[in-house]
Amino acid sequence: MNNEPTSADTPADFASTLDALEATVRRLEGGQLGLEDSVALFKQGMDLAKRAESQLLQARQTVEILLGENATPMTQDE
């Protein structure tokens, strides 16, 4: 079984990445896979987790840049 994500399978946005990661976890927790398939799916899940982390970091950097451009700090009331 080939569970390697291809470029066509790679989620484009954070929500899609998170959905794919959750589906991967559900399949692993289902306990219906053999050892080789479980290891391949685990690797795919790790790749998705790294992608999600990268997407979050990129979003954070964008927010920090935007806040830096607007020199007025935001308060909790805004």
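The chain is numbered in sequence order, starting from 1.
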Using 4.0 Å as the upper bound for N to carboxylate O, is an ion pair formed by Arg51 and Asp47? no
So, the side chain of Ser38 versus the backbone of Gly34: is there a donor-acceptor pair under 3.5 Å, distance only? yes
Looking at Glu64, I want to see if its CD is surrounded by more than 12 non-hydrogen atoms of other residues, nucleotides or ligands under 6.0 Å. yes
Under a plain distance cut-off of 3.5 Å, with no hydrogens placed, do Asp19 and Ser16 share a side-chain donor-acceptor pair? no
Would you compute the distance between atom CG of Leu67 and atom CZ of Arg60 and round it to the nearest 0.5 angstrom? 11.0 Å
Quick one: closest heavy-atom pair of Leu28 and Phe42, and the distance? CD1-CA, 4.0 Å
CD on Gln58 to CZ on Phe14, rounded to 0.5 Å: 12.5 Å
Which atom of Thr17 lies closest to which atom of Leu48, heavy atoms considered: CG2-O, 3.4 Å
Just how far is it from atom NZ of Lys43 to atom OG1 of Thr24, taken to the nearest 0.5 Å? 12.0 Å
Can you find a pair of side-chain heavy atoms, one from Leu18 and one from Glu22, that are under 4.5 Å apart? yes
